[in-house]
Amino acid sequence: MLGPVILAASRSDRMRRVVSAAPVTKPVVNRFIAGESVEETVPVIESMAGRGLEVTLDVLGEDITDPTEALAARDAYLRLIEALAPLELGVRAEMSVKLSSFGQALPGGHDLALKNVTAVVEAAAEIGTTVTLDMEDHTTIDSTLAIHGELRERFPQTGAVVQSYLFRTEEDCRALAEAGSRVRLVKGAYKEPASVAYQDKREVDRAYVRCLRILMNGGGYPMVGSHDPRLIAITQNLALRAGRKLDEYEFQMLYGIREAEQDRLAAEGHRMRVYIAYGTDWYGYFMRRLAERPANLAFFLRSLVSRG
């Protein structure tokens, strides 16, 4: 049951200082983080494209405390779009954004986040790509889905994320699984109370399959965020039963995890998108990756021992 402990550590300033100062940290973080700048990340994007993979890009940054920081986050995405334009990858390189980095938690944050993300979505559309709104903890969901709905009025390709560990998600899937929608289904990586979320991994997995079935049988475009071999096989079976072609849904995995499986799925003709995060504010993202899978934590601990 280390996951909840690690998630709690992801919010601790003291643990942030300890982990960031450890000599082993940077080499291990590099497995999951593509770089600290867009210039370092572009070659990674090009490498992925050369392997037949698609990408979604996350400029790391959370816990915004000032509107000027929210503007800086917006501008970081606009710089990313400028860098993507000459690559001419279109929707093969989309973006993922956390509305918290655009000021969602500040006073008047809903409107502030909507204004900032709209500028990014507009710029993305100009180069032929799109944006998916990442989902964060349960207190932000209603605001995030409302912003998603407003954006889709002008930019119907704007995607949303749902998390299977939340009790509400099956109903959210029913509402989102409409024609033209793009919905990424993940298990969830935030520490949520038992009043709103399943705590048992088996229950989370079962909820994932129920949500996946709703999305596959709906009118939208499912984006299956999972590294679990069993869920990947279930996805393929449900897609077949729903009569979906290979380009009518996609798999998504994190950068640095199960790369051979990413290549295998792409070689079989599946749309395979890699979630690439970059930036200097990597700590919260990195700790959630450790919490999600014991294998990630084991990798980190082995590195600590081998380099100790």
Side-chain touch Lys115/Arg74, heavy atoms, less than 4.5 angstrom: no

Check whether His227 reaches the backbone of Met253 with its side chain - one donor and one acceptor, N or O, closer than 3.5 Å. no

Of all the heavy-atom pairs spanning Gly220 and Arg244, show the shortest one and how long it is. O-NH2, 2.9 Å

Distance col, row Thr56:OG1 vs Arg273:CZ, nearest 0.5 angstrom, shows 6.5 Å

Looking at side-chain heavy atoms only, is the closest gap between Tyr278 and Val59 below 4.5 Å? yes

Of the non-hydrogen atoms in Asn116 and Ala70, which two are nearest, and what is the gap between them? ND2-CB, 3.6 Å

Any non-hydrogen side-chain atom of Leu238 less than 4.5 Å from a side-chain atom of Leu215? no

With side-chain contact (heavy atoms from CB on, under 4.5 Å) as the criterion, how do Asp58 and Leu60 come out once you've worked through the C-alpha distance, each side chain's angles and the decisive distance to 0.1 Å? CA-CA 6 Å; Asp58 175 9; Leu60 294 172; 3.7 Å; yes

For the pair Glu261 and Ile232, evaluate side-chain contact (heavy atoms from CB on, under 4.5 Å) and give the outcome as yes or no after the intermediate values. CA-CA 10 Å; Glu261 179 68 355; Ile232 290 169; 3.8 Å; yes

Is there a side-chain contact between Val55 and Leu89 (heavy atoms, below 4.5 Å)? no

Indicate, with yes or no, if Leu212 and Tyr249 share a hydrophobic cluster defined by side-chain heavy-atom contacts under 4.5 Å among Ile, Leu, Val, Met, Phe, Trp and Tyr. yes

If you round to the nearest 0.5 Å, how far is CG of Leu87 from CD1 of Ile45? 6.5 Å

Could you tell me which non-hydrogen atom of Arg184 sits nearest to which non-hydrogen atom of Thr132, and how far apart they are? NH2-CG2, 3.8 Å

Backbone N/O of Asp137 and side chain of Thr140: donor-acceptor pair under 3.5 Å: yes

Does the side chain of Arg168 come within less than 4.5 Å of Asp142's, by heavy atoms? yes

Do Phe251 and Val91 sit in one hydrophobic cluster, given that two such residues count as connected whenever their side-chain heavy atoms are within less than 4.5 Å of each other, even indirectly? no

Do Val204 and Ile214 belong to the same hydrophobic cluster, where Ile, Leu, Val, Met, Phe, Trp and Tyr are linked whenever their side-chain heavy atoms lie under 4.5 Å apart, directly or via other members? no

Output, in order, the C-alpha distance, side-chain angles, deciding distance and verdict of side-chain contact (heavy atoms from CB on, under 4.5 Å) for Gln104 and Leu114. CA-CA 8 Å; Gln104 188 180 41; Leu114 175 59; over 6 Å; no

Report yes or no: does Glu178 contribute a side-chain atom to a donor-acceptor pair with the main-chain N or O of Gly218 at less than 3.5 Å? no

Can you check whether Ser100's main-chain N or O pairs, donor with acceptor, with Glu136's side chain at less than 3.5 Å? yes

Decide yes or no on side-chain contact (heavy atoms from CB on, under 4.5 Å) for Leu57 and Leu84, but give the supporting numbers first. CA-CA 10 Å; Leu57 295 147; Leu84 289 176; 3.9 Å; yes

Exercise: do His138 and Gln163 side chains pair donor with acceptor under 3.5 Å: no

Nearest 0.5 angstrom please: Ile276 CD1 to Ile33 CD1, how far? 11.0 Å

Please answer whether the main-chain N or O of Met135 pairs with a side-chain N or O of Thr144 as donor and acceptor at a distance below 3.5 Å. no

I'd like to know if Ile127 and Met48 are part of one continuous hydrophobic network [Ile/Leu/Val/Met/Phe/Trp/Tyr, side-chain heavy atoms within less than 4.5 Å]. yes

Passing candidate, side chain to side chain donor-acceptor pair (under 3.5 Å) with His270, options Arg264, Glu250, Gln236: Gln236

Do Val224 and Tyr208 have side chains that get closer than 4.5 Å, going by heavy atoms? yes

Determine the minimum heavy-atom distance between Thr130 and Glu94, stating which atoms define it. O-CB, 3.4 Å

Is there a side-chain hydrogen bond (donor to acceptor under 3.5 Å, both in side chains) between Thr118 and Glu150 once you walk through the steps? CA-CA 10 Å; Thr118 297; Glu150 290 193 57; over 6 Å; no

Nearest-0.5 Å distance that lies between atom CG in Asp247 and atom OH in Tyr221: 7.5 Å

Does any N or O in the side chain of Arg152 come within less than 3.5 Å of the main-chain N or O of Gly180, such that one atom is a donor and the other an acceptor? yes

Please examine the side chains of Arg51 and Val274, heavy atoms only from C-beta on, and report whether any two atoms are closer than 4.5 Å. no

Would you confirm whether Thr235, through its side chain, and Leu231, through its main-chain N or O, come within 3.5 Å as a donor-acceptor pair? yes

Does atom CD of Glu88 have more than 12 heavy-atom neighbours from other groups under 6.0 Å away? no

Note: Gly52 and Ala266 closest approach over all heavy atoms is O-CB, 4.0 Å

Closest non-hydrogen atom pair, Arg182 against Val131: NH1-O, 3.9 Å

With the 4.5 Å side-chain cut-off for hydrophobic clustering, are Val121 and Leu145 part of the same group? yes

Could you check if a side-chain atom of Phe32 sits within less than 4.5 angstrom of a side-chain atom of Leu254, using non-hydrogen atoms only? no

Within the distance-only criterion (no hydrogens, no angle test), does the side chain of Ser96 pair as donor or acceptor with the backbone N or O of Asp134 below 3.5 angstrom? no

Begin with the C-alpha distance, continue with both residues' side-chain angles, and end with the deciding distance and a verdict on salt bridge (Lys or Arg N to Asp or Glu O under 4.0 Å) for Arg271 and Glu54. CA-CA 7 Å; Arg271 294 189 68 180; Glu54 304 182 19; 2.7 Å; yes

Look up atom CG in Leu53 and atom OH in Tyr255, then write down how far apart they are to the nearest 0.5 Å. 12.0 Å

Any ring pair (Phe, Tyr, Trp, His ring centres under 6.0 Å) pairs touching residues 85-127, not counting sequence neighbours? Tyr77-Phe102

Looking at Glu192 and Tyr198, would you say the former's side chain and the latter's main chain have a donor-acceptor pair under 3.5 Å? no

Kindly determine whether Glu82 and Arg79 satisfy salt bridge (Lys or Arg N to Asp or Glu O under 4.0 Å), including the steps that lead there. CA-CA 5 Å; Glu82 289 180 2; Arg79 287 194 295 274; over 6 Å; no

Walk me through whether Asp205 and Lys187 qualify under salt bridge (Lys or Arg N to Asp or Glu O under 4.0 Å). CA-CA 7 Å; Asp205 286 354; Lys187 292 183 181 181; 2.9 Å; yes

Check step by step if salt bridge (Lys or Arg N to Asp or Glu O under 4.0 Å) holds for Asp200 and Arg202. CA-CA 5 Å; Asp200 182 78; Arg202 291 168 297 180; 3.2 Å; yes

Any donor-acceptor pair under 3.5 Å linking the side-chain atoms of Asp228 with those of Ser226? no

Taking atom CZ of Arg213 and atom CZ of Arg210, what is their separation to the nearest 0.5 Å? 9.0 Å

